[in-house]
Amino acid sequence: MRIATWNVNSLNARMPRVEEWLIQAQPDVVCLQETKMADAAFPALAFEALGYESVHHGSGRWNGVAILSRVGLSDPMVGFEPSIEPDTDTRLISATCAGIRVTSVYVPNGRGLDDPHYVYKLSWLKRLREHLEATTSPEVPVVVCGDYNIAPTDIDIWDPAAFAGMTHVSQPEREALQNVMDWGLIDTFRARYPDTPGLYSYWDYTAGHFHKREGMRIDFCLASAPLANLSTLDLVDRNARKGTKPSDHAPVIAEYNYPVGP
DNA sequence: ATGGTAGAGCATCTA
């Protein structure tokens with residue numbers, strides 16, 4: 001089972017590259033973030049032509065998340081479970097694919113430590129844990145994939161000094177992420193490469209950061225133990241960040257020795 | 001070549 005997550009930074013702008021990448025990378029399940037489109041504009045037919053069922057949750061100009069699957073897709077849920085304070089944005093969608101409860105998340109950026117959006121970010125992460133508690137169990141196969149907009153530790157960023165006083169690295173954010181993971185989600189990527197620096201999934205478009213290998217690891221496929229125990233591979237597809245009109249994020253791919261089939 | 005925003009949408013916000 002090959003599961004990928006990719007913040008595409010506008011699916012309209014990225015569709016040619018996404019289609020090309022699906023054919024080349026052959027993922028079974030894909031979580032997309034920042035589609036930046038309304039549901040009515042989502043190119044479900046184009047994905048279907050490539051063998052993927054899909055669900056999308058988007059409102060227009062900003063955020064927007066989707067799940068693609070070629071191994072079956074059922075029981076979709078958009079946003080947080082109804083008992084939870086609703087999200088004002090379209091940042092979460094869930095579905096069951098081949099017996100795995102899959103969630104695509106686009107955690108709020110936070111903007112600044114003194115910005116209301118930072119409070120929203122922390123609240124959103126608290127609600128993500130409540131959503132998992134209310135809808136599934138760490139005893140079954142679960143993946144929560146997406147752009148978390150948090151670097152778990154300083155090994156996940158190119159220069160800790162460059163991020164002093166900024167979002168993505170603050171202690172409250174890291175604790176909020178840890179609280180989500182404490183529900184029962186494992187970062188198999190870092191478990192596989194515990195001491196390897198320079199493994200990033202996002203590079204700022206500005207100032208040639210990608211070419212200088214100055215990035216952050218903020219996109220993860222987090223898995224519950226039944227799936228994480230079957231982890232066979234974790235990688236960042238850096239090639240997808242090169243060339244013409246790339247997203248500022250690269251796809252993150254995780255593989256599990258788990259039976260593929262609807 | 002030896003550097004270096006991008007997207008949405010039309011002023012400016014978001015990342």
Side-chain angles (χ1 to χ4, degrees), chain A residues 5-21 30-43 46 56-66 79 87-93 104-125 128 145-152 156-160 162-170 172-174 176-177 198 200-220 236-252:
Chain A
T5 185
W6 194 6
N7 178 323
V8 294
N9 186 14
S10 169
L11 190 52
N12 266 331
R14 217 65 60 212
M15 194 58 184
R17 290 200 58 142
V18 171
E19 291 182 294
E20 174 187 52
W21 177 82
V30 185
C31 294
L32 300 176
Q33 300 86 36
E34 278 208 271
T35 60
K36 293 185 175 177
M37 59 173 47
D39 290 337
F42 186 74
H56 179 253
H57 181 41
S59 57
R61 292 179 67 181
W62 294 303
N63 51 74
V65 287
D87 194 1
T88 50
D89 292 347
T90 52
R91 297 180 175 274
L92 184 141
I93 190 166
S104 178
V105 299
Y106 178 43
V107 177
N109 175 284
R111 299 178 190 166
L113 299 185
D114 58 353
D115 194 296
H117 208 256
Y118 181 76
V119 178
Y120 168 54
K121 182 178 195 173
L122 297 178
S123 159
W124 200 96
L125 287 159
L128 173 57
C145 303
D147 177 359
Y148 282 78
N149 269 317
I150 297 169
D156 298 303
I157 55 178
W158 63 275
D159 179 14
F163 292 92
M166 299 179 71
T167 60
H168 295 61
V169 301
S170 74
E173 288 167 84
R174 286 174 167 173
L177 172 60
Y200 308 132
S201 63
Y202 161 82
W203 300 260
D204 195 307
Y205 280 126
T206 63
H209 282 300
F210 177 73
H211 308 280
K212 292 186 279 189
R213 296 182 175 264
E214 296 173 349
M216 316 175 75
R217 194 179 71 93
I218 56 176
D219 303 86
F220 324 118
V236 175
D237 186 358
R238 288 186 82 260
N239 285 330
R241 181 64 174 76
K242 301 175 183 173
T244 308
K245 281 174 75 72
S247 170
D248 43 1
H249 296 251
V252 173

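Just so it is clear: chains get the letters A, B, ... in the order the sequence lines come, proteins before strands, and each one is counted from 1.
- B/dT14 and B/dC10 are spaced 15 Å apart, taking the P atom of each and rounding to whole Å.
- For A/Arg111 and B/dC13, the shortest distance from a side-chain N or O to OP1 or OP2 is not below 4.0 Å.
- Atom P of B/dG7 sits at a distance of 24 Å from the matching atom of B/dG3, rounded to the whole Å.
- Aromatic ring orientation, A/His249 versus A/Tyr202: tilted (interplanar angle from 30° to 60°).
- To the nearest angstrom, C1' of B/dA15 lies 13 Å from CZ of A/Arg241.
- Residues A/Asp237 and A/Trp21 bring a donor and an acceptor atom of their side chains to less than 3.5 Å of each other.
- Without hydrogens or angle criteria, A/Arg17 side chain to A/Ala240 main chain gives a donor-acceptor distance under 3.5 Å.
- Distance from the side chain of A/Asn109 is smallest for B/dA15 among the nucleotides B/dA15, B/dT5, B/dG7.
- Ring geometry for A/Phe42 against A/His56 counts as parallel: the plane angle stays under 30°, on a 0 to 90° scale with 60° as the upper cut.
- In the set B/dT5, B/dA15, B/dG7, the nucleotide with an atom closest to the side chain of A/Lys36 is B/dG7.
- Counting any heavy atom pair closer than 4.0 Å across all strands shown, A/Asn12 reaches sugar-phosphate atoms only and no base atom.
- Each of B/dC13, B/dT5, B/dA8 was ranked by its minimum atom distance to the side chain of A/Ala13; first place goes to B/dA8.
- Among the protein residues, A/Lys245 comes within range of the sugar-phosphate backbone only, with heavy atoms under 4.0 Å from sugar or phosphate atoms but none that close to a base.
- Nearest nucleotide to the side chain of A/Arg91, out of B/dT5, B/dA15, B/dG7: B/dA15.
- B/dG9 sits 16 Å from B/dC13 when the P atoms are compared, rounded to a whole Å.
- The nucleotide whose nearest atom lies closest to any side-chain atom of A/Arg61 is, among B/dG9, B/dG7, B/dA15, B/dG9.
- Here the nucleotide nearest the side chain of A/His211, chosen from B/dG7, B/dT14, B/dG4, is B/dG4.
- Residues A/Lys212 and A/Leu11 both approach DNA chain B. Their nearest nucleotides, taken by heavy-atom distance, put A/Lys212 toward the 5′ side.
- Closest approach to the A/Glu34 side chain among B/dT5, B/dA15, B/dG7 is made by B/dA15 (side chain taken as heavy atoms from C-beta onward).
- Residue A/Tyr106 is classed as a sugar-phosphate contact, given heavy-atom separations below 4.0 Å to backbone atoms only.
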